[in-house]
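The structure appears below as structure tokens.
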Amino acid sequence: MSDRFAEALWTRKGERGDLIPLLQAAQEAQGYVSEQAMEAIAEITGIPLAEIYGVVTFYKGFRLTPRGHYVARVCTGTACHVNGASELESTLINEVGVERGQTDAEGIFTLEAVNCVGCCSLAPVIMVNDETHGPLTPRSLTQLLKRLRREAKLAMAPKEAP
Amino acid sequence: MRRVIIGTATCGVAAGAQRVLARALTLAEGGGLEVVEAGCVGVCYDEPLVEYINDLGERRLYGKVTPPLLDRILAQGDEPDPALARHLIRVNDGPDRDGVFAHQARIVLRRCGIVDPGSIDAYLEADGFKALEKALGMDPQAVIQTVLDSGLRGRGGGGFPTGRKWGFTAAQPSPHKYVICNADEGDPGAFMDRSVLEGDPFAVLEGMIICGWAVGADKGVIYCRAEYPKALVRLDAAIKQARARGYLGEDILGSGLSFDVYVKEGAGAFVCGEETALIASIEGKRGMPRFRPPFPAVSGLHGKPTNINNVETLANIPWIIQNGAAAYAAMGTEKSKGTKVFALAGRIKRGGLVEVPMGMSIRQLVEEVGGGVPEGHTFKAVQMGGPSGGCIPATMADLPIDYEHITQTGAIMGSGGVVVMDDSTCMVDVARYFLSFTQAESCGKCTFCRLGTKRMLEILERITEGKGKHGDVERLLALGQQIQSASLCGLGQTAANPVLTTIKYFREEYDAHIHDHRCPAKSCASLVIYRIAEENCTGCTLCAKACPVDAIEGERKIAHVIDEQACIRCGKCVTVCPTGVVMKL
Ligand SMILES: Cc1cc2nc3c(=O)[nH]c(=O)nc-3n(C[C@H](O)[C@H](O)[C@H](O)COP(=O)(O)O)c2cc1C
């Protein structure tokens with residue numbers, strides 16, 4: 001269990017309203033909400049595990065499986081929709097080789113969708129981690145993915161011992 | 001000293017503002033230049049935006065700025081560089097190149113993109129917290145009366161008179177009350193609240209504190225969606241600074257008011273924008289709406305009286321207190337006072353954020369302020385109110401925008417998202433799009449909302465796939481009516497609106513899909529036939545290479561042909577064709 005999550009567990013007093021922030025801390029630390037994290041929260045807060053699971057699955061923001069280095073989320077807002085978001089998504093799926101909700105084998109990209117990121121005048125956009133990119137065409141998206149893949153490989157490469 | 005103000009709201013960053021900022025900071029190292037980060041002035045179609053203020057204090061706003069362009073902007077003397085004229089949007093507060101500002105009246109957006117949202121000193125310099133000082137010198141009841149007299153109505157979609165709502169919470173005898181700021185902004189196609197939070201977070205806080213004083217609350221919660229990371233950062237910084245300066249906390253400005261604010265991050269559920277679901281979510285539960293009454297004003301967060309207002313509603317408050325109710329009520333129409341911020345998006349030339357007086361016509365908003373639809377297309381409709389709203393046809397575009405007139409059309413004013421549609425937009429597909437949204441976002445509590453939306457979506461899907469059946473439109477109308485009357489919250493009650501309005505105004509498009517297996521907008525993939533205009537094809541082979549199913553045949557320099565049977569209608573050939581000869585029929 002990561003330090004950040006442990007700290008959150010320690011500082012939150014375990015009130016009912018802390019449940020979602022705790023789950024968010026767990027997800028931020030580990031990239032997803034693991035079974036162990038839910039068990040730890042259940043123990044501290046006294047909320048039944050089944051109820052915690054109910055909350056986790058209610059909100060789209062929570063993930064129950066590990067994520068890739070980048071979470072690429074196609075915006076499916078109205079403006080993006082009328083400006084070609086579905087074409088972007090099929091490009092994304094083709095390029096990464098997995099469906100929405102999945103992570104590629106190398107652990108670089110997790111594909112998700114998001115309702116609207118509020119960048120409608122740059123539609124269509126995708127959000128990669130916390131950054132929004134737009135307006136994109138299938139071609140510029142392909143280039144963006146190439147660059148991100150290169151950067152991810154660098155960042156993920158095991159550090160050589162000095 | 002010379003200054004550059006760089007818009008680094010989410011839209012600006014997405015367009016490359018970070019690189020411009022980095023360049024500006026490097027240039028500033030030499031001294032003589034101050035770099036300020038601000039929110040968005042709303043000219044989103046021309047991002048990244050930079051305002052340059054020279055030694056004489058003259059302000060020039062430039063659009064589509066790149067790092068090399070920034071160098072040129074800063075190299076200018078007092079005389080403007082003619083080579084930059086194309087990028088110059090306006091000088092000082094004069095008329096702007098595109099006429100976007102001409103029709104605006106900026107109250108909520110008055111500081112956005114101009115004042116540094118990360119600095120309380122900048123806010124104070126721009127008249128910040130003056131309204132709070134004034135309000136704290138007034139009787140809480142008088143503050144409520146001012147808000148009531150201003151005619152301000154809730155900007156979150158419902159349009160309930162804000163002053164009346166405050167009165168309900170104020171009337172509750174409880175030592176602990178809450179003020180909640182609804183920053184969940186779930187409507188796709190809406191980004192007013194994001195811009196205000198990113199561009200002027202202190203104004204929202206000031207509105208909340210004034211509300212706290214008026215209704216007798218001691219705690220405030222801002223429920224902000226997690227999809228707005230930048231807004232969350234700006235809010236957090238604003239709250240910390242306000243606390244440090246005594247605008248939040250115990251005994252604010254010696255008035256005896258104790259009020260503090262914290263932020264709750266949403267977790268991705270549209271229905272949590274509904275007030276009772278939002279409260280459940282803050283309490284750590286599944287965000288499901290409950291029956292009202294009791295209204296939150298009586299029993300809200302943790303069972304305490306709670307006043308909930310939208311971001312834009314609260315951002316109006318300081319201006320109203322400072323300038324008086326009459327000044328606000330002087331703008332707008334009989335029953336809809338003041339201004340409204342609209343997010344213009346979709347098939348429009350100048351998409352962005354504008355604030356106009358209530359009562360402006362839809363046509364003026366789309367054509368004069370937004371510049372109309374892209375060249376070569378015709379304006380067909382606007383979608384207002386998101387998934388709860390509807391499509392208003394261009395033939396009705398002379399309607400004035402206010403709560404009453406928009407509701408009469410079957411759409412709703414909603415929170416301010418205006419998605420423009422042209423001849424390339426299929427109205428059946430738009431209805432399908434919104435239904436797929438509400439179907440996915442239904443919390444599942446009410447059977448009609450949970451299952452009815454699913455059945456409606458299935459019907460719409462088959463219509464857009466060319467498999468519509470006789471009587472499908474009637475089935476949609478009946479289901480829509482049932483969902484409307486058998487759902488607990490606004491999500492279900494309004495879910496059918498996008499379908500009902502498109503049937504009402506664009507019935508012929510439904511009929512074309514169902515009876516003629518034709519999509520008039522040539523947008524529904526299953527109903528489109530791709531064909532190459534052979535006489536103009538140069539035989540470059542790009543389309544044949546791009547085709548994923550090898551459905552295109554042809555030799556180099558010889559016209560290509562698409563095999564209609566093999567074609568999967570993915571549209572790749574259209575995208576890659578350099579001469580634009582692949583046609584949709
Ligand atoms: C399904 C649904 C979603 C809603 N989403 C939002 C929202 O994202 N933002 C908002 O301010 N109000 C939203 N509302 C309206 C709120 O319930 C509430 O009326 C509003 O926050 C009150 O603030 P106001 O009076 O200032 O408008 C939503 C309502 C429903 C039924």
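Please read all numbers here as calculations on a predicted model, not as lab measurements. Chain letters run A, B, ... following the sequence lines, proteins first, then strands; residues in each count from 1. Below, each value reflects all heavy atoms present in this structure, side chains not excepted, and no hydrogens, waters or symmetry copies.
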> Under 3.5 Å, is there a donor-acceptor pair between the B:S281 and A:Y59 side chains?
Replying inline: yes
> For A:N83 and B:G346, which heavy atoms make the closest approach, and how far apart are they?
Replying inline: ND2-O, 3.5 Å
>> To the closest 0.5 Å, what do you measure between CZ (B:R432) and NE2 (A:H81)?
In response: 5.0 Å
>> Would you say CZ of B:R19 has more than 12 non-hydrogen atoms from neighbouring residues, nucleotides or ligands within 6.0 angstrom?
In response: no
>> What part of A:V82 gets within 4.5 angstrom of chain B, counting heavy atoms only: side chain, backbone, both, or neither?
In response: both
> Just wondering, do A:I20 and B:K264 contact through their side chains at under 4.5 Å, heavy atoms?
Replying inline: no
> Any sub-3.5 Å donor-acceptor pair from B:R286's side-chain atoms to A:V55's backbone N or O?
Replying inline: no
> Step by step, would you call B:M288 with A:F58 a side-chain contact (heavy atoms from CB on, under 4.5 Å)?
Replying inline: CA-CA 9 Å; B:M288 298 215 206; A:F58 181 84; 3.9 Å; yes
> For the atom pair CG (A:L122) and CZ (B:F191), what is the distance rounded to the nearest 0.5 Å?
Replying inline: 8.5 Å
>> Donor-acceptor pair, distance only, cut-off 3.5 Å: does the side chain of B:Y45 make one with the backbone of A:S121?
In response: no
> Is it the backbone or the side chain of B:C272 that comes under 4.5 Å from a heavy atom of chain A, or both, or neither?
Replying inline: side chain
>> Heavy-atom pairs under 4.5 Å with chain B: which of A:C120, A:G54, A:C119 has the most?
In response: A:C120
>> Which atoms of B:E441 are under 4.5 Å from chain A, going by heavy atoms: the side chain, the backbone, both sets, or neither?
In response: side chain
>> Strictly distance-based, threshold 3.5 Å: is any side-chain N or O of B:E227 a donor or acceptor partner for the main-chain N or O of A:G61?
In response: no
>> Counting neighbours of CD on A:E43 that are heavy atoms of other residues, nucleotides or ligands and sit closer than 6.0 Å, is the number greater than 12?
In response: no
>> Under a 4.5 Å cutoff for heavy-atom pairs, which residue among B:G351, B:A14, B:A345, B:A343 has the most contacts with chain A?
In response: B:A14
> Closest heavy-atom contact between B:K285 and A:R16?
Replying inline: CA-NH2, 3.8 Å
> Non-hydrogen atoms of chain A under 4.5 Å away: do they reach the side chain of B:A267, the backbone, both or neither?
Replying inline: both
> Would one find more than 12 heavy atoms of other residues, nucleotides or ligands at under 6.0 Å from atom CZ of A:F62?
Replying inline: yes
> Where does B:R350 contact chain A at under 4.5 Å (heavy atoms): side chain, backbone, both or neither?
Replying inline: neither
> So does B:K445 have more than 12 non-hydrogen atoms from other groups sitting under 6.0 Å from NZ?
Replying inline: yes
>> Could you walk me through whether B:F434 and A:T78 satisfy the side-chain contact (heavy atoms from CB on, under 4.5 Å) test, starting with their C-alpha distance in whole Å, then the side-chain angles of each, then the deciding distance to 0.1 Å, before giving a yes or no?
In response: CA-CA 8 Å; B:F434 279 112; A:T78 324; 3.5 Å; yes
>> Testing the basics here: between B:R194 and A:G118, what is the closest heavy-atom pair and its distance to 0.1 Å?
In response: NH2-O, 2.6 Å
>> For A:S86, which atoms come within 4.5 Å of any heavy atom of chain B: side chain, backbone, both, or neither?
In response: neither
>> If I compare all heavy atoms of B:G284 with all of A:L19, which pair ends up nearest, and what's the gap?
In response: O-CD2, 3.4 Å
>> Heavy-atom pairs under 4.5 Å with chain A - which of B:Q383, B:E185, B:E47, B:R225 has more of them than the others?
In response: B:R225
> What's the verdict on salt bridge (charged side-chain N to carboxylate O under 4.0 Å, His left out) for B:K572 and A:E87, showing C-alpha distance, side-chain angles and the deciding distance?
Replying inline: CA-CA 9 Å; B:K572 284 223 168 67; A:E87 253 176 38; over 6 Å; no
> Closest heavy-atom contact between A:N115 and B:F270?
Replying inline: ND2-CB, 4.5 Å
>> With chain A as the partner, which of B:Y433, B:F437, B:Y228 has the greatest number of non-hydrogen pairs under 4.5 Å?
In response: B:Y433
> Side chain, backbone, both or neither: which part of B:E283 has a non-hydrogen atom closer than 4.5 Å to chain A?
Replying inline: backbone
> Picking from B:E265, B:M421, B:H302, B:Q18, which has the most non-hydrogen pairs under 4.5 angstrom with chain A?
Replying inline: B:E265
> For B:T10, is it the side chain, the backbone, both, or neither that has a heavy atom closer than 4.5 Å to a heavy atom of chain A?
Replying inline: both
> Of the listed residues (B:G16, B:P229, B:A269), which shares the most heavy-atom pairs with chain A below a 4.5 Å separation?
Replying inline: B:P229
> What pair of heavy atoms forms the shortest contact from A:C116 to B:P188, and how long is it?
Replying inline: CB-CA, 3.6 Å
> Should we say atom NZ of B:K219 is surrounded by more than 12 heavy atoms from elsewhere, each under 6.0 Å from it?
Replying inline: no
